[in-house]
Amino acid sequence: MTETRTRAGTGMSEARTPVAEVQTAVTGFLKEIKGFRDEVKLVLQQQEERLTMLDRKTMSYGRPASRRG
């Protein structure tokens with residue numbers, strides 16, 4: 001169990017209540033999740049760009065050579 005301590009003469013308003021600790025923990029957790037989500041989106045976007053580039057290169061190699069002359 002977490003022990004709550006206050007400074008002498010400051011009162012309970014400055015003490016961290018269990019509710020405040022949970023709110024802080026949840027806020028931090030959500031911040032980390034959002035950061036992770038943004039990283040995943042970035043990686044997926046980069047992969048999509050790479051796949052698009054490879055598709056374009058593959059399509060250009062599959063075309064018959066142009067005839068000049």
Side-chain angles (χ1 to χ4, degrees):
M1 184 181 282
T2 304
E3 185 179 316
T4 304
R5 295 181 183 177
T6 61
R7 293 182 187 163
T10 60
M12 288 298 289
S13 62
E14 293 183 21
R16 290 191 50 108
T17 64
V19 172
E21 289 181 18
V22 169
Q23 287 175 335
T24 301
V26 168
T27 300
F29 177 73
L30 290 175
K31 190 176 193 179
E32 287 182 28
I33 290 292
K34 287 177 183 177
F36 177 72
R37 181 192 65 194
D38 292 343
E39 287 179 31
V40 168
K41 281 183 176 181
L42 178 63
V43 169
L44 288 175
Q45 181 181 0
Q46 291 171 342
Q47 287 294 92
E48 184 65 31
E49 290 170 1
R50 288 180 188 133
L51 288 172
T52 300
M53 185 178 12
L54 287 172
D55 282 345
R56 288 181 187 156
K57 286 182 179 182
T58 303
M59 284 183 207
S60 66
Y61 288 126
R63 294 181 185 162
S66 61
R67 295 182 185 183
R68 292 186 181 178

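Note on L44: it clusters hydrophobically with F36, by side-chain heavy-atom contacts below 4.5 Å among ILVMFWY residues. By the rule that hydrophobic residues join a cluster once side-chain heavy atoms approach within less than 4.5 Å of another member, V22 and L30 end up as members of one cluster.
Results of the side chain to side chain contact (heavy atoms under 4.5 Å, CB included) test with T52 over E49, E48, R50 single out E48 as the only residue that passes.
The side chain to side chain donor-acceptor pair (under 3.5 Å) search around R37 returns none, not counting sequence neighbours.
The distance from the CD1 atom of I33 to the CG atom of D38 is 11.5 Å, given to the nearest 0.5 Å. In this structure, CD on Q23 lies 9.5 Å from CZ on R16, to the nearest 0.5 angstrom.
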